[in-house]
Amino acid sequence: MQSFASRIVILWGWRRALIAFLSGAFSSLALAPFHILPVFFVTFSILVWLLDGLGSLSGRDGSGASCLSIFKRFLTAAVIGWCFGFGYFLSCFHWLAFVMIGDGSDSQLLAFFEFFLALFLLSASMASGTVIAYLLWSSGGCRVFALAVGLTIGEWFRVQIPFEFPLNRFGEGLAAFESLMQFASIVGVQGLTFLCVLIFSSPSIIGMRRSDFREAVWFVPVSGSFLLFLIFIYGLWRIPVGDLPVFESVRLRVVQPHKAFWSPKEGETILSSYWALSDKATSPSFSGAEDVTHLIWPGAYGFFFPEDDKEVRLSLVRLLPPGTLLLMGAFRREAAERPGQFLLYDSFLAFDNEARLLAVYDRVARVPFGLFFHSLFDLLKIDFPDGLEGRIISGPVRSTIDLPGTPAFLPLIGPEIALSLGQDFGLVHPEWILNLGHGGMITLFAGSWQYLHRARLQAIEQGVSLVRAVGTGGSAIIDPYGRMRTFVPAGTRAVLDGRLPQPLPKTIFVKFGNWILFFMLFSSIFLVFVLRPMNR
């Protein structure tokens with residue numbers, strides 16, 4: 001391994017950038033839907049060796065590159081991180097390109113530009129992580145702590161600034177199996193990111209060219225492997241045998257129509273097809289809509305406004321049995337400041353069997369800077385009706401919903417499921433989470449599996465069940481341990497029936513948030529500065 005590591009360390013110029021790019025690209029194989037976890041051992045080790053080729057800031061020459069000025073070294077560290085990030089994000093989010101880029105019209109060309117601009121900005125967060133790591137760099141085993149701190153902070157930048165796009169963090173790769181997922185109940189996905197980098201970069205120490213602690217060269221990788229083993233054992237201990245108790249008063253039916261878009265011209269036809277599925281007999285326990293307390297329709301893009309459409313409301317009165325609630329995703333509109341203009345919201349709506357609107361929630365998380373889906377309606381060949389603004393407005397706040405006969409729940413629209421929720425959803429902690437999405441072309445690629453995997457981790461973080469309803473596929477009922485109790489794959493027109501598992505006591509992550517992560521970061525930084533003089 002030392003021979004291979006030495007070859008990586010001495011790379012420079014375009015070869016170093018290419019290796020960084022390829023390492024980032026192959027890292028995506030550790031994520032959903034592949035979950036080839038050992039890939040991280042190789043790619044993170046290569047990243048360590050690439051940064052090791054810059055030498056340390058102490059002035060000791062580790063690779064022949066120490067003659068570079070401090071500025072050039074940091075610039076090179078940023079380039080390494082940016083190339084690694086560009087390969088990683090391009091491979092992770094390739095499905096966005098397929099969604100956005102179509103037949104080569106002007107709107108598709110604009111989407112193509114926006115896609116690569118977004119990748120450029122996302123990669124900048126990875127570059128910031130490698131710069132921070134290099135600032136903490138040393139010639140000893142603490143370099144793996146430096147990389148873990150740097151990439152974790154870089155991933156935090158990606159989530160917080162310049163925009164929220166938190167899907168496919170490294171920690172989601174570490175949580176490849178149910179037993180490894182459970183540690184998210186303690187540290188959250190961002191904490192798993194720190195542990196992921198720390199564990200999977202530890203074998204790089206074996207390839208060190210020199211060390212003042214050569215007799216202990218195996219200590220770091222062995223410790224990393226032992227930490228991975230402890231996380232695995234904790235997961236086995238935490239997951240109970242058998243099913244959890246359920247809410248006896250709740251009987252769910254999720255409709256998966258395998259259709260993502262409403263057409264104004266086909267509103268009645270589409271509504272009829274939705275109801276045909278909603279009233280379908282699937283078992284003696286679910287012989288139709290009358291056996292269901294909560295009917296869930298996924299979100300759907302298109303200009304269909306059930307809140308304002310009297311015909312639709314009358315249809316709901318005829319179709320919904322007494323005592324059944326309809327929970328659905330749809331657009332809604334509000335009057336803008338300019339006369340005759342409306343603002344558009346991507347929303348959750350709840351109706352009772354008399355078509356009374358019981359609750360509304362507007363999606364808080366917007367697509368960053370309008371990137372990715374800026375040209376959505378052009379791509380879908382949907383024209384904005386006269387008077388509508390050409391953008392989706394963010395809602396005011398994330399909050400739990402209380403409905404008659406329903407445990408308090410938190411609705412999340414589409415990509416909101418990827419966010420770390422914290423405690424910003426009101427005074428009442430939800431007893432379950434409802435995630436509504438249209439799916440669209442995302443279902444055809446890895447994106448559907450990536451969002452589903454993040455939804456499972458969300459349930460574990462919060463210690464509650466999660467119901468996911470997606471128009472084109474990937475609908476599921478997930479218990480608080482991230483286990484899918486029922487699941488409908490993509491490309492299937494079907495309904496999903498099930499009971500709602502009760503929540504667990506508040507998890508450690510819910511109680512303490514990211515404070516455990518902060519403790520791990522500050523402890524690592526302290527360890528680096530204490531041991532760095534010993535490695536010189």
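Positions are given from 1, in the same order as the sequence printed here. The analysis underlying the following values was restricted to heavy atoms, covering all of them including side chains, and did not include hydrogens, waters or symmetry mates.
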Taking the side chain as every heavy atom from C-beta outward, state whether [X] and [Y] have any atom pair closer than 4.5 Å.
X    : Y    : value
I460 : Q182 : yes
S475 : R468 : no
I478 : L452 : yes
I417 : Y451 : yes
L22  : I46  : no
S225 : I199 : no
V467 : N435 : no
I525 : L136 : yes

Determine the interplanar angle of the [X] and [Y] rings, folded into 0 to 90°, and report it as parallel if under 30°, tilted if 30 to 60°, perpendicular if over 60°.
X    : Y    : result
H35  : F177 : tilted
F183 : Y234 : perpendicular
F40  : F200 : tilted

What distance do [X] atom [atom1] and [Y] atom [atom2] have between them, rounded to the nearest 0.5 Å?
X    : Y    : atom1 : atom2 : result
L18  : F21  : CG    : CZ    : 8.0 Å
I80  : L54  : CD1   : CG    : 4.5 Å
Y481 : R456 : OH    : CZ    : 15.0 Å
K506 : S185 : NZ    : OG    : 15.0 Å
I19  : I8   : CD1   : CD1   : 5.0 Å
S465 : D479 : OG    : CG    : 6.0 Å

If I compare all heavy atoms of [X] with all of [Y], which pair ends up nearest, and what's the gap?
X    : Y    : result
L517 : G191 : CD1-CA, 3.9 Å
S399 : P411 : O-CD, 3.7 Å
F509 : A184 : CB-O, 3.9 Å
C142 : V528 : O-CG2, 3.9 Å
G85  : S123 : C-OG, 3.4 Å
I205 : P221 : CB-CD, 4.3 Å

N/O donor-acceptor pair under 3.5 Å between [X] side chain and [Y] backbone:
X    : Y    : answer
H453 : A175 : yes
T193 : G171 : yes
W12  : V9   : no
T130 : A77  : yes
Q458 : L419 : yes

- Message: Would M520 and V187 count as a side-chain contact (heavy atoms from CB on, under 4.5 Å) here? Give the steps.
- Response: CA-CA 10 Å; M520 292 191 296; V187 298; 4.2 Å; yes
- Message: Looking at F84, I'd like to know if its CZ atom is crowded, meaning that more than 12 non-hydrogen atoms belonging to other residues, nucleotides or ligands lie closer than 6.0 Å.
- Response: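 Count over threshold, so yes.
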- Task: Please check if atom CZ in F487 has more than 12 non-hydrogen atoms from other residues, nucleotides or ligands closer than 6.0 Å.
- Result: yes
- Criterion side-chain contact (heavy atoms from CB on, under 4.5 Å) on R398 and L410, from CA distance to verdict: CA-CA 8 Å; R398 196 171 289 115; L410 177 68; 3.7 Å; yes
- Task: Pick out which of R158, Q450, E155 makes a side-chain hydrogen bond (donor to acceptor under 3.5 Å, both in side chains) with N168.
- Result: Q450
- Could you go step by step and tell me if L198 and L147 meet the side-chain contact (heavy atoms from CB on, under 4.5 Å) rule? CA-CA 7 Å; L198 186 65; L147 185 66; over 6 Å; no
- F74 vs Y134, ring-ring contact (aromatic ring centres under 6.0 Å, His included): CA-CA, chis, key distance, verdict: CA-CA 7 Å; F74 278 113; Y134 186 60; 5.4 Å; yes
- Task: Please test W515 against F518 for ring-ring contact (aromatic ring centres under 6.0 Å, His included), starting from the C-alpha separation and ending with a verdict.
- Result: CA-CA 5 Å; W515 284 108; F518 296 153; 5.6 Å; yes
- Task: May I have all residue pairs that pass side chain to side chain donor-acceptor pair (under 3.5 Å) and include part of residues 82-92, sequence neighbours excluded?
- Result: S28-S91
- Task: Please identify each residue that fulfils salt bridge (Lys or Arg N to Asp or Glu O under 4.0 Å) with R169, with sequence neighbours left out.
- Result: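 R169 satisfies salt bridge (Lys or Arg N to Asp or Glu O under 4.0 Å) with no residue once adjacent residues are dropped.
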- Task: Assess whether side chain to side chain donor-acceptor pair (under 3.5 Å) is satisfied between S27 and T43, documenting all intermediate values.
- Result: CA-CA 6 Å; S27 294; T43 57; 2.9 Å; yes
- Full working for side-chain contact (heavy atoms from CB on, under 4.5 Å) between Y361 and I413: CA-CA 9 Å; Y361 166 79; I413 309 297; 3.9 Å; yes
- Query: Cut-off 3.5 Å, side chains only: do D52 and W137 have a donor facing an acceptor?
  - Reply: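 Per modelled atom types, D52 and W137 side chains form a pair under 3.5 Å.
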- Query: Only one of V220, L47, V48, L51 clears side chain to side chain contact (heavy atoms under 4.5 Å, CB included) with S204; which?
  - Reply: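 Only one of V220, L47, V48, L51 forms a side chain to side chain contact (heavy atoms under 4.5 Å, CB included) with S204, namely V48.
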- Quick one: do E461 and R454 make a salt bridge, cutoff under 4.0 Å? yes
